[in-house]
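Below, read A as the first sequence line, B as the second, and so on, with proteins coming before strands; counting in each chain starts at 1. Excluded from the calculations below are hydrogen atoms, water molecules and symmetry mates; all remaining heavy atoms, backbone and side chain alike, are included.
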Amino acid sequence: MTDGTYFDRLVVLLRDREVPEDRIDELVRELTAYGEEAGADAAEEFGSVAELATQLSEREPTVTTGPGDGQLEPDDAAEAWVWTADAFKEQRLLDRFGGQGWEVDRLDRLGRFVCRRDLGHPMRWEYRRETLAHSGRSARSVQLAPEGWEQFGVWGPFTYYKRPGAVLDGPAARIDEPPAPPAKRVHFGKRLYAWLAVCVLAVASAFWSGVTVAGIPDGSTLAGACVGFAVAGLAVWLLGRSALRKQTSGRR
Amino acid sequence: MVTDRRASWLKGVLDLLVLACLTGGESYGYEIARRLDEAGLGRIKGGTLYPVLNRLEESGLLEAEFRATERGPGRRYYRLTEEGRSALKTQGDAWAGFHHSVTRLLEQREDG
């Protein structure tokens, strides 16, 4: 590739990455001048044009970090995937997807598992879920840490931990040919629906018992009771969501 | 936005630091991470540390042995090989040289 072709290609790639035109002009002028001064072929001096375009179009010039304390994150080259499951199925699925190299980074506000998988050297991950009270969580995390377990999320009574398979298996935990990300992202099983049905029936029967004990009310009283139930349900849901947000935002 | 460069610096030297953590004898993953943290380098996540340990083991700079414990499934203990000690010496010297060059240039800038 001649230098002219190299820089033409660079311009196209930078435009594709929505770099402003004046910035592209400036960059190409500067790189051309540098190449001329160095007396080297552009491809030799600057490497792959695609990689150069990627680097030049990054918003931040250096590696980004975690929460600003210099904490080192795993390698940046990773694919992402988000999934969710009910409490009855999630442990089995965590094991399965962990075996495919998916590391759960965190739980999002909807309680979904936000995962990443290293593109270069994917490895197996192991998971465990513990039912813990808030007061006992820190002590349990400290107890599990020497075995490599790291807390990544809390959902209701459940605290979730992960660790790399390499803690026990070393390089054997590496996955040579990881399967493609699963197409299915939502895993709700029959047990969840059965459990929900039981809950609905319990609430309905409690409501009906209350109605019959108090005598059959007129239509307006019944409608008022229904509205009351709906408002109470909404309030519980909002409170629950608010508590959940506190828990998930605190982990980032 | 202030970009924290410490992570990128650490990325370039983490393998060397892991080797350095093992000069006093064998250790296991969590203990190595804890020593790095105590040294002021921040908490290294398992997803970062273990790929490094794997690479060092596969390249023969570390050797590892799995040992069962009375409680729990056991731990994988790492120790330096002779090759690892030699690499630590060579790369440690190289890092010291690099550090010296950087420091000298930064001090020159401050003087100016």
Side-chain angles (χ1 to χ4, degrees), chain A residues 58-78 98 101-106 115-128 141-152 161-176, chain B residues 1-18 27-37 39-79:
Chain A
E58 281 170 358
R59 295 289 187 269
E60 292 298 328
T62 54
V63 176
T64 55
T65 64
D69 58 357
Q71 182 173 298
L72 190 60
E73 296 290 328
D75 286 344
D76 297 328
W102 292 104
E103 174 193 2
V104 181
D105 191 39
R106 61 187 172 88
C115 301
R116 65 187 301 284
R117 184 167 66 183
D118 193 299
L119 282 171
H121 304 286
M123 63 177 167
R124 278 189 293 102
W125 283 82
E126 297 174 5
Y127 295 95
R128 69 188 295 157
S141 295
V142 168
Q143 194 181 13
L144 289 172
E147 308 302 331
W149 294 107
E150 184 182 318
Q151 182 185 317
F152 68 84
Y161 296 90
K162 64 180 175 182
R163 73 174 176 186
V167 170
L168 298 185
D169 297 334
R174 188 172 295 160
I175 300 170
D176 292 329
Chain B
M1 179 183 166
V2 178
T3 305
D4 190 339
R5 292 173 175 267
R6 287 172 57 88
S8 52
W9 295 338
L10 191 51
K11 207 169 249 181
V13 78
L14 184 57
D15 56 348
L16 194 56
L17 296 172
V18 169
S27 188
Y28 58 99
Y30 174 74
E31 184 63 25
I32 294 170
R34 202 171 60 82
R35 288 196 59 190
L36 293 169
D37 195 4
L41 297 162
R43 198 173 71 80
I44 310 295
K45 291 184 174 181
T48 300
L49 179 63
Y50 279 93
V52 172
L53 286 169
N54 283 353
R55 282 199 293 273
L56 292 171
E57 185 182 342
E58 286 179 321
S59 58
L61 304 184
L62 293 183
E63 54 188 12
E65 184 187 5
F66 178 80
R67 283 185 221 147
T69 54
E70 286 181 14
R71 291 192 312 167
R75 286 175 186 153
R76 200 172 165 78
Y77 284 86
Y78 296 87
R79 63 179 160 271

Quickly, which of Met123(A), Arg163(A), Lys162(A) forms a side-chain contact (heavy atoms from CB on, under 4.5 Å) with Glu103(A)? Name it, please.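 Option passing the side-chain contact (heavy atoms from CB on, under 4.5 Å) with Glu103(A): Lys162(A).
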Under the criterion side-chain contact (heavy atoms from CB on, under 4.5 Å), which of Ile44(B), Leu41(B), Ile32(B) is the partner of Leu17(B)?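 The passing option is Leu41(B).
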Against chain B, label Pro146(A) side chain, backbone, both or neither, depending on which of its atoms sit under 4.5 Å from a heavy atom there.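 Contact with chain B involves both backbone and side-chain atoms of Pro146(A).
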Would you mind telling me which of Tyr28(B), Tyr50(B), Phe66(B) has the largest number of heavy-atom pairs within less than 4.5 Å of chain A?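 Top option by heavy-atom pairs under 4.5 Å: Tyr50(B).
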Salt bridge or not between Arg76(B) and Glu57(B)? Use side-chain N to carboxylate O under 4.0 Å.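 Answer for the salt bridge query: yes.
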Are Leu14(B) and Leu36(B) close enough that some pair of their side-chain heavy atoms sits under 4.5 Å apart?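 Side-chain contact under 4.5 Å: yes.
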Greatest number of heavy atom pairs closer than 4.5 Å to chain B - which of Ala172(A), Ala145(A), Ala173(A):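 Winner by heavy-atom pair count: Ala145(A).
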